[in-house]
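Numbers for residues simply follow the sequence, beginning at 1. In this text, all values refer to a predicted model and were calculated from it rather than measured experimentally.
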Amino acid sequence: MLRAYRWVLATFPFFVFVIASSGDRSSTFQNCVSACYGDHCHPHMMLPLTLRLTRWTCTDDCKYQCMHMLTDIAIRGSSTIHQYYGKWPFWRLFGVQEPASVAFSLWNMYYHIQGWRQLRNRVPSDHPMRSYYLTWAIVSINAWFWSAVFHTRDLPNTEKLDYFSAALVILYALYHTVLRLFNQYPTRSWEDGRIQRTPIHLLWSSICTIAYLSHVTYLSILPRFDYTYNMAFNLTVGFTHNLLWLLYSLPASLPLIRRFPSKSKKYRPSCASKAAVFVALTTAATTLELFDFPPWGRIIDAHALWHLSTAPLAKLWYDFLIKDSLDDGWRESKR
């Protein structure tokens, strides 16, 4: 679920900055870009290979150069550092727009790869939730890959791939959470060994599939990306996911859900509190997004620090999923 938070809180400030980026709207910046274009962007001009590989154009490079020139002036004069096209001024590295966020996205992806391996090796092959957890890990790996691509170059297509991949992580996390906590996962028949799925399982699967396809279709057909709707979608799904795991972690004296069909509601796994700890730590990490500030050294901003903080939490979550999967409560419920 870690990936969910990136778009839950990060989408809102992005939406605001896209609407009102003072830097790129200033006449000084626009005049600088126009002058740069006239002086350098001729038919025979060729950018360095690293910029061409990362799809920079001459106009993009002019915007980059003017942005940093004006930022240099602002720093020397101790005046306000502005954002440009919804982003702070970052030093690029080999064509990469936000090197720190790219590195930390790849670090998150590494932890999810490790988590996938641990799930595959430690969760029994006949466990009813094994395939769902493995799928969620793969979906998360995919999402962090596209996060790295998006922070490498913020383009319309990379932005959509980033957001759509994130939405899939959030929604799939809620999907398998409902199956797990309400015991709607497929089971194997004692009589003929066939996999059985309840009508609720089939209905919930259909609802989530339609919801995701509708979400992607709506955002794809609009002339402009609807950041407000995207934020609302992520907030709603992410909040519901967290609420359900908080219910799971409640003490035995407040049994609101039956964690295992063969156990009473008062049966509480020893690892249950880890779910609440994870939700609390992840929520605390996302507060970094609320303290937006110009990047330190034009390299690391609050968003990059958020990526840095979520990577270790991925290991905590996979450890919890594995411990929950190995709990004694499954011994009688699996069949």
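- Counting heavy atoms from C-beta on, the side chains of Leu155 and Arg55 come closer than 4.5 Å.
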Problem set entry | Criterion side chain to side chain contact (heavy atoms under 4.5 Å, CB included) on Leu219 and Phe164, from CA distance to verdict | CA-CA 9 Å; Leu219 291 175; Phe164 293 164; 3.8 Å; yes
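- Residue His112 comes nearest to Ser140 through the heavy atom pair ND1-CB, 3.4 Å, listed as atom of the first residue, atom of the second, then distance.
- When hydrophobic clusters are built by joining Ile, Leu, Val, Met, Phe, Trp and Tyr residues whose side-chain heavy atoms come closer than 4.5 Å, directly or via intermediates, Leu53 is not grouped with Trp91.
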Exercise. Glu98 and Phe150: side chain to side chain contact (heavy atoms under 4.5 Å, CB included), yes or no, with the steps?
Worked result: CA-CA 9 Å; Glu98 300 175 54; Phe150 172 64; 5.7 Å; no
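- Side-chain contact between Asp60 and Thr57 is present, with at least one heavy-atom pair separated by less than 4.5 Å.
- Residues Tyr267 and Leu250 share a single hydrophobic cluster, defined by chaining ILVMFWY side chains whose heavy atoms lie under 4.5 Å apart.
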For this session: Starting from the C-alpha separation in whole Å, work towards a yes-or-no answer on salt bridge (charged side-chain N to carboxylate O under 4.0 Å, His left out) for Asp327 and Lys263.
Result: CA-CA 12 Å; Asp327 189 84; Lys263 300 290 185 179; over 6 Å; no
Exercise. Passes side chain to side chain contact (heavy atoms under 4.5 Å, CB included), Tyr163 versus Asn234? Steps please.
Worked result: CA-CA 10 Å; Tyr163 282 134; Asn234 292 330; 5.5 Å; no
Exercise. What do the steps show when you test Asp61 against Arg92 for salt bridge (charged side-chain N to carboxylate O under 4.0 Å, His left out), and what is the final call?
Worked result: CA-CA 11 Å; Asp61 190 53; Arg92 68 190 177 195; 2.6 Å; yes
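- For the salt bridge (Lys or Arg N to Asp or Glu O under 4.0 Å) condition, no pair includes a residue of residues 197-214, sequence neighbours left out.
- Using a 4.5 Å heavy-atom cutoff, the side chains of Pro269 and Asp328 are not in contact.
- When every heavy atom of His127 is checked against every heavy atom of Val123, the shortest pair comes out as CB-CG1, 3.7 Å.
- Between the side chains of Ser101 and His307, not a single donor N or O lies within less than 3.5 Å of an accepting N or O.
- Around atom CZ of Phe94, no more than 12 heavy atoms belonging to other residues, nucleotides or ligands sit under 6.0 Å away.
- Asn230 places no side-chain N or O within 3.5 Å of a backbone atom of Tyr227 that could act as its donor or acceptor partner.
- Annotation: the span from Asp301 atom CG to Trp296 atom CH2 amounts to 9.5 Å, rounded to 0.5 Å.
- Taking the six-membered ring for Trp and the full ring otherwise, Tyr64 and Trp56 have centroids separated by under 6.0 Å.
- Remark: aromatic rings of Tyr185 and His176 are distant, center separation not under 6.0 Å.
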For this session: Kindly determine whether Leu174 and Leu244 satisfy side chain to side chain contact (heavy atoms under 4.5 Å, CB included), including the steps that lead there.
Result: CA-CA 9 Å; Leu174 178 61; Leu244 289 175; 3.8 Å; yes
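- For Ile200, the CD1 atom is loosely surrounded, since the number of other residues' heavy atoms within 6.0 Å does not exceed 12.
- For an aromatic pair to be called close, the ring centres must be under 6.0 Å apart, and Tyr132 with Trp136 fails this.
- A side-chain donor-acceptor contact under 3.5 Å links Ser205 to the backbone of His201.
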Exercise. Hey, mind stepping through Lys315 and Asp319 against salt bridge (charged side-chain N to carboxylate O under 4.0 Å, His left out) and telling me if it holds?
Worked result: CA-CA 6 Å; Lys315 184 179 186 303; Asp319 288 343; 3.1 Å; yes
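- Taking hydrophobic clusters as Ile, Leu, Val, Met, Phe, Trp and Tyr residues chained together by side-chain heavy-atom distances below 4.5 Å, Ile207 shares a cluster with Val216.
- Nearest heavy atom pair, residue Ala275 against residue Trp317, reads CA-CZ3, 4.3 Å.
- Here the closest heavy-atom approach between residue Arg130 and residue Leu119 is recorded as NE-O, 4.1 Å.
- Residues Asp154 and Tyr85 have side chains that never bring a donor and an acceptor to within less than 3.5 angstrom of each other.
- With contacts defined as side-chain heavy-atom distances shorter than 4.5 Å, the pair His215/Phe233 qualifies.
- Side-chain atoms of Thr152 never come within 3.5 Å of backbone atoms of Val96 as a donor-acceptor pair (strictly under, hydrogens ignored).
- Cys32 has its SG atom within less than 2.5 Å of the SG atom of Cys66.
- Other residues, nucleotides and ligands place more than 12 heavy atoms under 6.0 Å from the CE atom of Met45.
- Nearest heavy atoms, Pro186 versus Pro128: O-CB, 3.5 Å.
- Note: His303 and His151 have tilted aromatic rings, judged against thresholds of 30 and 60 degrees for the angle between ring planes.
- Taking the six-membered ring where the residue is Trp, the centroids of Tyr110 and Trp107 are separated by 6.0 Å or more.
- Under a hydrophobic-cluster definition in which Ile, Leu, Val, Met, Phe, Trp and Tyr are linked whenever side-chain heavy atoms come within less than 4.5 Å, directly or via other members, Leu134 and Tyr318 are assigned to the same cluster.
- Counting non-hydrogen atoms of other residues, nucleotides and ligands closer than 6.0 Å to CG of Asn31 gives a total above 12.
- Taking Tyr37 as the reference, nothing meets the side-chain hydrogen bond (donor to acceptor under 3.5 Å, both in side chains) condition, with sequence neighbours excluded.
- One hydrophobic cluster holds both Phe182 and Val237 under the rule that ILVMFWY side chains link at heavy-atom gaps under 4.5 Å.
- Here the side chain of Arg52 pairs a donor or acceptor atom with the backbone of Leu47 at under 3.5 angstrom.
- Looking at every heavy atom in both residues, Ile170 comes nearest to Gly238 through CG2-N, 3.8 Å.
- Contact annotation: the side chain of Trp88 approaches that of Asp292 to within less than 4.5 Å [non-hydrogen atoms, C-beta and beyond].
- Side chain of Thr54 to main chain of Leu51: a donor-acceptor pair is present (N/O by atom type, distance under 3.5 Å, no hydrogens or angles).
- In this structure, the side chain of Ser26 engages the main chain of Gly23 through a donor-acceptor pair within 3.5 Å.
- Asp324 places no side-chain N or O within donor-acceptor distance of the main-chain N or O of Phe320, the cut-off being under 3.5 Å.
- A cation-pi arrangement is present between Arg180 and Phe260, with the terminal nitrogen or guanidinium carbon under 6.0 Å from the aromatic centre and inside a 45° cone about the axis.
- Between Trp245 and Tyr248, the ring centre distance stays below 6.0 Å.
- Residues Thr28 and Leu70 meet the side-chain proximity criterion, which asks for heavy atoms closer than 4.5 Å.
- Inter-residue side-chain proximity for Ile300 and Leu305 is flagged as met; some heavy-atom pair is nearer than 4.5 Å.
- Rounding to the nearest 0.5 Å places SG of Cys208 at 11.0 Å from CG of Leu213.
- At least one donor-acceptor pair closer than 3.5 Å links the side chain of Thr158 to the backbone N or O of Arg153.
- Checking side-chain atoms of Asn108 against main-chain N and O of Phe104 turns up a donor-acceptor pair under 3.5 Å.
- Remark: side-chain polar atoms of Tyr175 are not paired, donor with acceptor, to backbone N or O of Thr209 under 3.5 angstrom.
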Exercise. Would Cys58 and Cys41 satisfy disulfide (SG to SG under 2.5 Å), going step by step from the backbone distance to the final call?
Worked result: CA-CA 6 Å; Cys58 184; Cys41 297; 1.9 Å; yes
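- Counting non-hydrogen atoms of neighbouring residues, nucleotides and ligands closer than 6.0 angstrom, the CZ atom of Arg298 exceeds 12 such neighbours.
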